[in-house]
Amino acid sequence: MRTVEVSAPATIANLGPGYDLMGMALDNPKDFLRASLIKSGKDEIGVEGIGGDTISTDPDKNASFVAARAVLRRAGVTGYGLKMQLKKGVPPRMGMGSSGASSAAGAFAANVLLDSPLKEIEVLECAMEGERAACGSAHADNVAPSLLGGITVILRYDPLKVMKLRPLARVEVVEVTPELELAQEKTRLAREVLPNSVMLGTVVSQMSAFALLLMGIMEGDPRMAGEGISGDRIVEPARAKLIPGFSEVKEGALKEGAYGCSISGAGPSVFALVPQGRGMQVGERMVDRFTAASVRSKFSVHRISEEGAKVV
Ligand code: HSE
């Protein structure tokens with residue numbers, strides 16, 4: 001029997017206009033996964049930690065397990081069972097890439113157990129299968145940064161092509177989580193509210209915001225990146241309706257000096273990119289704005305992490 005213990009970080013996907021394409025890894029929280037490969041053993045997964053009781057322990061539905069099994073299949077390994085224990089640090093259904101972290105951890109752990117037969121991009125494709133099991137869509141904007149760390153951009157899905165960008169320096173990321181009743185299928189529902197078609201003018205605005213975001217990151221210019229983050233004209237307006245007080249919270253963040261603000265992943269958390277040292281003030285202002293909209297919330301301040309999934 002071989003055993004490995006790995007961690008994979010929380011992430012923020014989309015970063016405003018980069019729906020299903022952009023994402024970044026946070027320094028914390030993380031999911032921790034202990035995985036063993038057992039000759040002729042039976043498949044088994046247990047889940048503990050934050051929101052662990054809401055996560056399926058059916059090996060066909062659990063994101064970590066599905067991702068790990070995809071690695072075994074791809075590596076052509078048969079005749080082994082996987083025993084896993086997942087400790088959730090990333091809260092599920094909050095918009096912090098919980099299923100992405102579990103999927104990245106599962107795929108990464110399985111590849112390490114097999115002495116890394118798969119390339120990084122192949123491990124990522126397997127992690128996407130975990131995301132598909134968890135929320136019905138194999139998007140890679142959470143699994144990519146959780147696996148690779150830093151800020152990632154999906155340049156193409158078919159065949160998959162991903163680039164890791166250098167994280168912005170001297171910035172903090174504020175994550176504000178409102179206390180809202182959330183459905184088990186939160187991400188699926190948040191995808192269903194999106195429009196099927198948009199006007200050409202909206203596409204042009206969106207491309208402009210995406211260009212500001214990407215070039216801002218590449219140039220190391222957080223102000224430009226922040227303008228891009230705040231400029232989503234397609235996904236954010238549709239999902240803002242699901243988050244009471246969202247526009248006031250965003251306005252509060254920008255007034256308090258945030259470079260940019262948008263919905264964190266599929267929500268309901270809201271994030272802001274802020275100058276280093278301003279996270280507490282911006283977070284407090286955002287919480288105040290939620291309170292004014294009769295929504296309780298809490299905030300945390302993070303760094304963008306260069307580190308993705310790793311053996312612990
Ligand atoms: N890109 C995804 C979405 C991230 O916004 O639906 C959440 O999993």
Side-chain angles (χ1 to χ4, degrees), residues 8-26 29 31 51 54-55 61-64 66-67 88 90-107 124-125 127-148 151-158 160 162 173 175 177-178 180 182-196 198 206 209-210 213-214 228-243 246 250 260-271 308:
T11 54
I12 295 178
N14 301 336
L15 305 184
Y19 178 69
D20 279 359
L21 300 176
M22 300 284 302
M24 68 185 173
L26 300 180
D31 276 4
T54 64
I55 300 210
K61 293 188 184 145
N62 180 279
S64 292
V66 169
K88 292 294 303 169
V90 185
R93 295 183 297 284
M94 292 299 166
M96 296 183 79
S98 169
S99 54
S102 298
S103 303
L124 179 54
E125 283 169 344
M128 287 164 68
E129 289 308 314
E131 192 73 287
R132 190 201 303 280
C135 61
S137 152
H139 49 275
D141 51 343
N142 285 120
V143 282
S146 190
L147 192 64
L148 310 177
I151 301 179
T152 54
V153 54
I154 313 297
L155 295 172
R156 191 203 310 119
Y157 266 98
D158 190 17
L160 188 64
V162 181
V173 179
E175 182 84 6
T177 305
L180 298 172
L182 294 171
Q184 183 71 21
E185 306 264 271
K186 185 265 316 180
T187 300
R188 201 187 296 265
L189 296 174
R191 294 175 80 84
E192 278 173 17
V193 301
L194 303 180
N196 289 322
V198 291
Q206 190 79 355
F210 188 76
L213 170 65
L214 195 55
I229 286 171
S230 299
D232 176 9
R233 295 285 170 270
I234 299 175
V235 176
E236 184 186 290
R239 287 182 172 167
K241 299 180 186 117
L242 306 175
I243 308 171
F246 171 77
K250 178 172 177 172
C261 177
S262 189
I263 298 170
S264 179
S269 296
V270 179
F271 82 101

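Note that ligands are numbered from 1 as they come in the structure, with each ligand's atoms numbered from 1 the same way. For the numbers below, each heavy atom of this structure counts, side chains included, while hydrogens, waters and symmetry mates do not.
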S269 (side chain) donor-acceptor with G95 (main chain) under 3.5 angstrom: no
Partners meeting side-chain contact (heavy atoms from CB on, under 4.5 Å) with A63 (sequence neighbours left out): S102, S103, A134
Polar side-chain atom of T11 near backbone of A25 as donor-acceptor pair, under 3.5 Å: no
S98/K88 under side chain to side chain donor-acceptor pair (under 3.5 Å): CA gap, chis, key distance, verdict: CA-CA 8 Å; S98 169; K88 292 294 303 169; 2.8 Å; yes
Tabulate distances under 3.5 Å between N/O atoms of ligand 1 and N/O atoms of the protein, writing both atom names on each line.
{"from": "ligand 1", "atom 1": "1 (N)", "to": "N14", "atom 2": "OD1", "distance (Å)": "2.9"}
{"from": "ligand 1", "atom 1": "1 (N)", "to": "D20", "atom 2": "OD1", "distance (Å)": "2.6"}
{"from": "ligand 1", "atom 1": "1 (N)", "to": "D141", "atom 2": "OD1", "distance (Å)": "3.3"}
{"from": "ligand 1", "atom 1": "1 (N)", "to": "D141", "atom 2": "OD2", "distance (Å)": "2.6"}
{"from": "ligand 1", "atom 1": "5 (O)", "to": "N14", "atom 2": "ND2", "distance (Å)": "2.8"}
{"from": "ligand 1", "atom 1": "5 (O)", "to": "R239", "atom 2": "NH1", "distance (Å)": "2.7"}
{"from": "ligand 1", "atom 1": "5 (O)", "to": "R239", "atom 2": "NH2", "distance (Å)": "3.3"}
{"from": "ligand 1", "atom 1": "6 (O)", "to": "R191", "atom 2": "NH1", "distance (Å)": "2.7"}
{"from": "ligand 1", "atom 1": "6 (O)", "to": "R239", "atom 2": "NH2", "distance (Å)": "2.9"}
{"from": "ligand 1", "atom 1": "8 (O)", "to": "H139", "atom 2": "NE2", "distance (Å)": "2.8"}
{"from": "ligand 1", "atom 1": "8 (O)", "to": "N142", "atom 2": "OD1", "distance (Å)": "3.2"}

Test log, rule side chain to side chain contact (heavy atoms under 4.5 Å, CB included), inputs M94 and E175: CA-CA 10 Å; M94 292 299 166; E175 182 84 6; over 6 Å; no
Intermediate values then yes/no, side chain to side chain contact (heavy atoms under 4.5 Å, CB included), L15 and I151: CA-CA 10 Å; L15 305 184; I151 301 179; 4.2 Å; yes
